[in-house]
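Here the structure is laid out as structure tokens; the discussion comes afterwards.
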Amino acid sequence: MTTLLIIIVIALLGITFWQLSKIVKLSKPADSNDTEIADNKDNKTQAKLMLVFTVFLYGLMFYSFWEYGKLLLPESASEHGHTFDQLMLISMGLLIFVQMITQFLLHWFAYKYHGKKGRKALFYADNDKLEFIWTIIPVIALAGLIIYGLFSWNDIMNLEETDDTLVIEIYAYQFDWRARYAGDDKTLGKANVRFIEGVNQLGLDESDPYTEDDIIVSELHLPKGKPVIFKFRSQDVLHSAYFPHFRAQMNVVPGMITQFGFTPTLTTAEMRETDHMIDKVHNINEIRQENSIELEAKGDMPLEEYEFDYFMLCNKICGASHYNMQMKIIVEEEEDFDAWLSEQQTFQELTAKK
Amino acid sequence: MSVAIQHNESGNAHEEHHEHKQTFIEKYIFSYDHKMISKQYLITGLIMGVIGITMSVLFRIQLAWPGESFWIFDALLGKFAKNGVMDPSMYLALVTIHGTIMVFFVLTAGLSGTFSNLLIPLQIGARDMASGFLNMVSYWLFFISCTIMLSSLFIESGPASAGWTVYPPLSALPQAIGGSGMGMTLWLISMAFFIASQIIAGLNYIVTVLNLRTKGMSMTRLPLTVWALFVTAIIGLVSFPVLLSAALLLIMDRSFGTSFFLSDIYIQGEVLAHQGGSPVLFEHLFWFLGHPEVYIVILPAMGLVSEIMATNARKPIFGYRAMIASILAIAFLSTIVWGHHMFVSGMNPFLGSVFTFTTLLIAIPSAVKAFNWITTLWKGNLQMNPAMLFSIGFVSTFITGGLTGIILGDSTLDINVHDTYFVVAHFHLVMGISAIYGLLAGVYHWFPKMFGRMMNKNLGYVHFWITAIGAYGVFFPMHFVGLAGLPRRYYSNTAFPYFDDLTDVNVLITLFTILAASVQVVFLFNFFYSIFYGKKATQNPWNSTTLEWTTPVKHLHGNWPGELPTVYRWSYDYSKMNKDETDYILAGQDFVPQNVPIQDNEEETMH
Ligand code: HEM
Ligand SMILES: [Cu+2]
Ligand SMILES: [Cu+2]
């Protein structure tokens, strides 16, 4: 695929330069009375090229949707994500519709009304009715989108903490993440960067008894179906906790605690089983195998077989390794989650060891 | 300052001044003449553009073939690409400087600097800008700013690399990234000069438009170019000072230990003393300029396109008053939408709702403009000059890019596409490519006015079509990369096997980039070749109505040899028929220049 594309582009470039030299030659001495202003012939040729370009543009759009549509994120793995997906679908539908019509009109008019000797343009300066119509239509469409959007936004951002809510701190530093669970007392202990020392990497305040049973891990586990609220804290620069599969994102700001919440609805295992993911992972592994062959030929290690896992990535430029600041996320049934959590070391155990 | 003195010696009688022979330095370097300053802006802008686009080619190559070795990296990046493999921090530096150069140096100074200087005096019928001296100062401040920015590419610790948005703490702490040392200092100094230059220039444009319009040139007879450039200057004046204050506070945080934007930071084994500042405050200040900035970039392009389109369609621009109203509406709204860059910054979600509302409002005047341009083409007699093609291309990319703004402006939807390649695709189409098309259209159209010669049209056609294909080829597929969840400002996506299937698209995008970038050579060739060897231009090659085409081809100090022209009509009397509908108002000529009095057989319109 890649080599083919390279060949095509090189060929295109070649043709370009060949044509260029021809054009310069042609346009020079032969017709030296040329004014460099588009004449009847130019208008005609350029109008035709406009049609060709229209075909290219629509071709590119359809090809992209067809071929790259597969790359899009799978169905949402969180509850509010379904509202998100719905709104996205409606907005996209609207955009694509408007795009198809306006681009067509634009290019078609450009073709149809290309200059011709003897053609008279219509002196048409104003039409209040027409302008009113195309002001009011966007107003109505946008009003609908705004209302829908604002209701969803309020739902998503108004986090209510009930007994059932799991509160997790996500801690960011150059260039990794940690997660802190509140432990049995269901309360996160106090923390500040000024307490960072030795194994106390997250700067928990050891004088606060709530910190004792806090659990710090480097892999995020979430129970399915339970609302989670994340409290984000950064140690150094801005980061952004981006959970694409859960339609969730919040910046992580030093000196301030930000928050976001969602309810996971698909476990990792369930997501792996979806048709979309099976296809995707299959495809990725094919690509990886191909690359491995090349690597092995060079005497390097082959790539590992890929298996899908949720992840969170950093989405605010934060330094040289910004591109590799990730945390694996595992969504599991509640029992599995509880079992996992009970095996983890508490903060007290961690500090006692030193 | 020898310039000023020389002026006084020989120019005490103003009339005499016209004949006075200027020295090379007076004429080409420290020129007061708006036409020369306009050329200086244009050529500086083009040089910066070449640098900025070359950078984008470099980092696109890295994205398509991550971590591979290329001799070109070795040659251009030196120690930042050991064995020809680009450093991750160099990647960020390139992206940062690319963004800064393209937005500020090419599309703010290069675009509005060139055409405000050229067109404001010529189209309103003035002899020059209100202050020729300040005008010269503004260009030279811009030049100093460019020099400082480029010099930052050569320092040991590397240029600024915190993104063109330079959010602290990353931009404030050299411990966080090398580029935040000397590189960032130079970036901030360069921007301070830049802002000073813009403010001086803006004041000059505004005063000129308000005070120096010739007899009969009422505000409602101004060509849309002048309206757009005028309003652009106003927005710049409102918002650039805020960026300056953000930059000053950042300088203080960096060098004098204040805590405006910094708090609770532990870095490289050390707790910093800063306490109580907020990076979110910086974001507010930055985007208070940053959003209006994108309109500072696009409004001049809109103005140029409106003018070029009407001229080449041989039709009045459709809905002249609505066009002005929407320029004003966009200008006003543009100052109250900045928060749409900050939906997930941690600011109060209620604010997010307000900004969603204002942002989607701004879509309305933008839609009106797009419909009006399309209608301007309808039943025209379109002269397919290269400038016209770029104007049509502008409308196309402006629509494609603008539509996705509806997604990004919706706080709910922004959650998942914020800072992904979807955003990169969006803003490149709606402001990057569109504004570049506006700039190019302007160059093709006003080249005869600037240099007295014509550009080669066939090279212009080749340039347009390949650019158009390349631009869409780069930025249309890029939306999908973003919707797949890939963040921007990533050196490579190989750390995530999940994104392995994006390789093909990335390669395709890069190939289109190389195609689009290389065809700009054709333009550069055409541009510089035509300055010297182009066909000699006639006075009014495009049969246009506006005043600049009533000046002689040869540039005069003071623009018009005799008296200033008087204006009797608006600038869009194309293909207007006489009362009896037997012929055009001026028999056999499908346009009526603005300085032609109302004719007997003509129906008076409101303009
Ligand atoms: C050949 C044409 C161009 C190509 C291929 C290109 C490509 C890119 C890409 C891929 C990025 C994102 C890199 C990343 O986030 O990792 C980028 C960033 C950017 N580009 Fe361009 N670009 C081009 C022209 C322009 C133009 C005309 C503008 C003018 C507005 C522009 C303005 C920007 C800005 C503001 C950024 C953001 C920089 C940042 O993230 O700090 N680019 N460009
Ligand atoms: Cu990060
Ligand atoms: Cu904005």
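Note on naming: letters A, B, ... go to the chains in the order of the sequence lines (proteins, then strands), and numbering restarts at 1 for each one.
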Quiz item: Roughly how far apart are B:Leu262 CG and A:Asp236 CG, rounded to 0.5 Å?
Solution: 12.0 Å
Quiz prompt | Atom group of A:His80 that falls short of 4.5 Å from chain B, counting heavy atoms | solution = neither
Quiz item: Which bit of B:Trp378 comes within less than 4.5 Å of chain A, counting heavy atoms only: side chain, backbone, both or neither?
Solution: both
Practice problem: Heavy-atom pairs under 4.5 Å with chain B are the metric here; pick the option from A:Ala47, A:Cys314, A:Ser240, A:Pro74 that has the most. | Solution: A:Cys314
Quiz prompt | Non-hydrogen atoms of A:Trp153 and B:Ser353 that approach each other most closely | solution = CD1-OG, 3.4 Å
Practice problem: Heavy-atom distances under 4.5 Å only: say whether A:Ile287 touches chain B with side chain, backbone, both or neither. | Solution: side chain
Quiz item: Should the ring pair A:Tyr323 and B:Tyr490 be called parallel, tilted or perpendicular, given that the plane angle runs from 0 to 90° and is split at 30 and 60?
Solution: perpendicular
Quiz item: Backbone N or O of A:Leu122 within a donor-acceptor pair of the B:Ser575 side chain at under 3.5 Å?
Solution: no
Practice problem: Answer yes or no on whether A:Lys120 is positioned over the face of B:Tyr584, meaning its NZ or CZ is under 6.0 Å from the six-membered ring centre and within 45° of the axis. | Solution: yes
Exercise. Could you look at B:Pro168 and say if it's the side chain, the backbone, both or neither that has a heavy atom under 4.5 Å from chain A?
Key: backbone
Quiz item: Do you know which of A:His114, A:Gln103, A:Glu286, A:Met157 has the most heavy-atom pairs under 4.5 Å to chain B?
Solution: A:Gln103
Quiz item: Where does A:Asn285 contact chain B at under 4.5 Å (heavy atoms): side chain, backbone, both or neither?
Solution: neither
Practice problem: Report the C-alpha separation of A:Met50 and B:Trp465 in whole Å, then their side-chain angles, then the decisive distance to 0.1 Å, and conclude whether the side chain to side chain contact (heavy atoms under 4.5 Å, CB included) test is met. | Solution: CA-CA 9 Å; A:Met50 189 61 77; B:Trp465 290 113; 3.9 Å; yes
Exercise. Count the heavy-atom pairs under 4.5 Å between each of B:Pro477, B:Ser89, B:Ala367 and chain A, then report the option with the highest count.
Key: B:Pro477
Exercise. Measure across A:Pro138 and B:Ile364 and return the closest heavy-atom pair with its distance rounded to 0.1 Å.
Key: CB-CG1, 4.5 Å
Practice problem: Could you look at B:Ala313 and say if it's the side chain, the backbone, both or neither that has a heavy atom under 4.5 Å from chain A? | Solution: backbone
Quiz item: Which heavy atom of A:Pro254 sits nearest a heavy atom of B:Pro279, and at what distance?
Solution: O-CD, 3.9 Å
Practice problem: Heavy-atom pairs under 4.5 Å with chain A are the metric here; pick the option from B:Ile177, B:Ile374, B:Val280 that has the most. | Solution: B:Ile374
Quiz item: In terms of heavy-atom pairs under 4.5 Å, which option from B:Val344, B:Asn416, B:Asp264 contacts chain A the most?
Solution: B:Asn416
Quiz item: Between B:Ala484 and A:Leu73, what is the shortest heavy-atom contact and its length?
Solution: O-CD2, 3.3 Å
Quiz item: Relative to chain A, which segment of B:His479 carries a heavy atom at a distance below 4.5 Å: side chain, backbone, both, or neither?
Solution: neither
Exercise. With a 4.5 Å cut-off on heavy-atom pairs, point out which of A:Thr258, A:Asn43, A:Val237 contacts chain B the most.
Key: A:Asn43
Practice problem: Any chance you could measure B:Leu403, atom CG, to A:Leu94, atom CG, to the nearest 0.5 Å? | Solution: 8.0 Å
Quiz item: Between A:Asp42 and B:Lys457, is there a side-chain N and carboxylate O pair less than 4.0 Å apart?
Solution: yes
Exercise. Using non-hydrogen atoms and a 4.5 Å limit, figure out which bit of B:Met388 sits close to chain A: side chain, backbone, both or neither.
Key: neither
Exercise. Select one option (side chain, backbone, both, neither) describing which atoms of B:Thr375 are under 4.5 Å from chain A's heavy atoms.
Key: side chain
Quiz item: Under a 4.5 Å heavy-atom cut-off, does chain A meet the side chain of B:Asn385, its backbone, both or neither?
Solution: both
Quiz prompt | Short side-chain donor-acceptor distance under 3.5 Å, A:Trp134 and B:Asn372 | solution = yes
Quiz item: What pairs with B:Phe496 under ring-ring contact (aromatic ring centres under 6.0 Å, His included), at least two apart in sequence or on another chain?
Solution: A:Phe311, B:Phe499
Self-check item: Max heavy-atom pair count under 4.5 Å with chain B, selected residue of A:Leu60, A:Val98, A:Thr45
Solution: A:Leu60
Quiz item: Relative to chain B, which of A:Arg233, A:Met88, A:Glu131 shows the most heavy atom pairs under 4.5 Å?
Solution: A:Glu131
Quiz item: Which answer fits B:Ile415, side chain, backbone, both or neither, if we ask what part of it has an atom under 4.5 Å from a heavy atom of chain A?
Solution: both
Quiz item: Measuring heavy-atom distances to chain A, does B:Leu360 have an atom under 4.5 Å in its side chain, in its backbone, in both, or in neither?
Solution: both
Self-check item: Region of A:Phe308 that comes under 4.5 Å of a non-hydrogen atom in chain B
Solution: side chain
Exercise. Examine distances only and state if a side-chain atom of B:Gln383 and a backbone atom of A:Gly115 form a donor-acceptor pair shorter than 3.5 Å.
Key: no
Practice problem: Pick whichever of B:Val395, B:Thr359, B:Asp410, B:Ile267 has the most heavy-atom pairs under 4.5 Å with chain A. | Solution: B:Asp410
Practice problem: Select one option (side chain, backbone, both, neither) describing which atoms of A:Phe84 are under 4.5 Å from chain B's heavy atoms. | Solution: both
Quiz item: At a heavy-atom separation under 4.5 Å, does B:Ala176 approach chain A through its side chain, its backbone, both, or neither?
Solution: both
Quiz item: Run the side chain to side chain donor-acceptor pair (under 3.5 Å) check on B:Tyr498 and A:His245 step by step: do they pass?
Solution: CA-CA 12 Å; B:Tyr498 180 83; A:His245 300 97; 3.0 Å; yes
Quiz item: When you look at OH of A:Tyr113, are more than 12 heavy atoms from neighbouring residues, nucleotides or ligands closer to it than 6.0 Å?
Solution: yes
Self-check item: Toward chain B, the part of A:Leu49 with a non-hydrogen atom under 4.5 Å
Solution: both
Quiz prompt | Stepwise salt bridge (charged side-chain N to carboxylate O under 4.0 Å, His left out) check, A:Asp126 with B:Arg321 | solution = CA-CA 9 Å; A:Asp126 260 311; B:Arg321 274 155 198 273; 5.8 Å; no
Quiz item: Stepwise, does the side chain to side chain contact (heavy atoms under 4.5 Å, CB included) test hold for A:Val193 with B:Ile265?
Solution: CA-CA 7 Å; A:Val193 289; B:Ile265 293 171; over 6 Å; no
Self-check item: Contact summary for B:Ser345 and A:Val253, nearest pair of heavy atoms
Solution: O-CG2, 3.6 Å
Quiz item: Hey, which of B:Leu502, B:Ile399, B:Leu389, B:Thr404 has the most heavy atom pairs under 4.5 Å with chain A?
Solution: B:Ile399
Quiz prompt | Top of B:Trp373, B:Tyr167, B:Phe371 for chain A proximity - count of heavy-atom pairs under 4.5 angstrom | solution = B:Phe371
Quiz item: Side chain, backbone, both or neither: which part of A:Ile137 has a non-hydrogen atom closer than 4.5 Å to chain B?
Solution: neither
Self-check item: CA sep, side-chain torsions, deciding dist, call: A:Gln99, B:Thr400, side chain to side chain contact (heavy atoms under 4.5 Å, CB included)
Solution: CA-CA 7 Å; A:Gln99 165 82 348; B:Thr400 309; 3.1 Å; yes
Self-check item: Non-hydrogen atoms of A:Asn315 and B:Arg488 that approach each other most closely
Solution: OD1-N, 4.3 Å
Practice problem: Under 4.5 Å, counting heavy-atom pairs only, tell me which of A:Lys112, A:Met250, A:Arg194 racks up the most with chain B. | Solution: A:Arg194
Exercise. Check the pair B:Tyr461 / A:Gln46 against side chain to side chain contact (heavy atoms under 4.5 Å, CB included), numbers first and verdict last.
Key: CA-CA 8 Å; B:Tyr461 292 142; A:Gln46 298 309 312; 3.2 Å; yes
Practice problem: Find the distance between NE2 (A:His322) and CZ (B:Arg489) and round it off to the nearest 0.5 Å. | Solution: 7.5 Å
Practice problem: Calculate, to the nearest 0.5 Å, the distance between atoms CG and OG1 belonging to A:Leu142 and B:Thr356 respectively. | Solution: 12.0 Å
